Amino acid sequence: MAETEDNLVLRLLREIRSDTQDTRQRMTKVERRLDELHEGVVAAMGLAGLANVATEKHAEGMDEIRDQLEALRRRVAELEMRT
């Protein structure tokens with residue numbers, strides 16, 4: 001009877017070990033996918049941030065050009081009034 005109980009316990013332990021190994025393999029795959037996803041998100045955020053900075057710089061440059069154009073228009077208007 002003791003041998004039968006030992007065999008039952010050993011069989012159950014083998015099943016548990018097998019299930020644990022399967023779970024470990026699945027978790028490894030999930031971790032790998034999460035790492036890939038994290039890298040993708042970081043890259044996307046980086047590109048979005050870079051685009052945002054480029055857009056801001058472009059807008060600042062356009063504002064500067066508009067200010068210069070307005071100053072030139074005033075100067076031309078003043079010169080035209082003198083003649």
Side-chain angles (χ1 to χ4, degrees):
M1 180 100 171
E3 282 187 40
T4 306
E5 289 177 4
D6 286 343
N7 287 338
L8 178 63
V9 169
L10 288 175
R11 186 174 52 110
L12 289 172
L13 288 173
R14 285 187 189 109
E15 287 177 15
I16 291 170
R17 183 175 23 180
S18 175
D19 289 346
T20 303
Q21 288 173 345
D22 291 342
T23 303
R24 187 177 301 133
Q25 289 173 350
R26 288 189 315 202
M27 291 302 293
T28 301
K29 289 179 184 177
V30 169
E31 285 177 350
R32 195 174 306 129
R33 288 182 183 159
L34 283 174
D35 288 342
E36 291 170 1
L37 180 62
H38 181 263
E39 289 174 7
V41 168
V42 168
M45 292 295 293
L47 291 175
L50 180 62
N52 189 30
V53 168
T55 302
E56 286 179 14
K57 285 185 180 181
H58 177 72
E60 289 173 3
M62 291 300 292
D63 290 341
E64 207 173 297
I65 290 171
R66 284 187 188 105
D67 291 342
Q68 290 175 355
L69 182 59
E70 189 57 37
L72 287 172
R73 284 182 180 154
R74 277 185 296 226
R75 288 177 63 191
V76 168
E78 288 174 6
L79 288 172
E80 286 177 346
M81 289 175 64
R82 287 184 192 169
T83 58

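The shown structure was predicted, so the numbers you read here are calculated from the model rather than taken from an experiment.
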Approximate separation, where rounding is to 0.5 Å, of [X] [atom1] and [Y] [atom2]:
{"X": "Arg24", "Y": "Arg17", "atom1": "CZ", "atom2": "CZ", "value": "10.5 Å"}
{"X": "Arg32", "Y": "Glu36", "atom1": "CZ", "atom2": "CD", "value": "7.5 Å"}
{"X": "Leu69", "Y": "Arg66", "atom1": "CG", "atom2": "CZ", "value": "9.5 Å"}
{"X": "Glu70", "Y": "Leu72", "atom1": "CD", "atom2": "CG", "value": "9.5 Å"}
{"X": "Arg14", "Y": "Leu10", "atom1": "CZ", "atom2": "CG", "value": "5.0 Å"}
{"X": "Thr23", "Y": "Ile16", "atom1": "OG1", "atom2": "CD1", "value": "11.5 Å"}

*Walk me through it: do Met81 and Glu78 pass the test side-chain contact (heavy atoms from CB on, under 4.5 Å)?*
CA-CA 5 Å; Met81 289 175 64; Glu78 288 174 6; 5.6 Å; no
*For side-chain contact (heavy atoms from CB on, under 4.5 Å), just list the numbers for Thr28 and Gln25, CA-CA rounded to whole Å, side-chain angles, deciding distance to a tenth of an Å, and then say yes or no.*
CA-CA 5 Å; Thr28 301; Gln25 289 173 350; 5.6 Å; no
*Can you find a heavy atom in the side chain of Glu15 that is under 4.5 Å from one in the side chain of Leu12?*
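A side-chain contact under 4.5 Å exists here.
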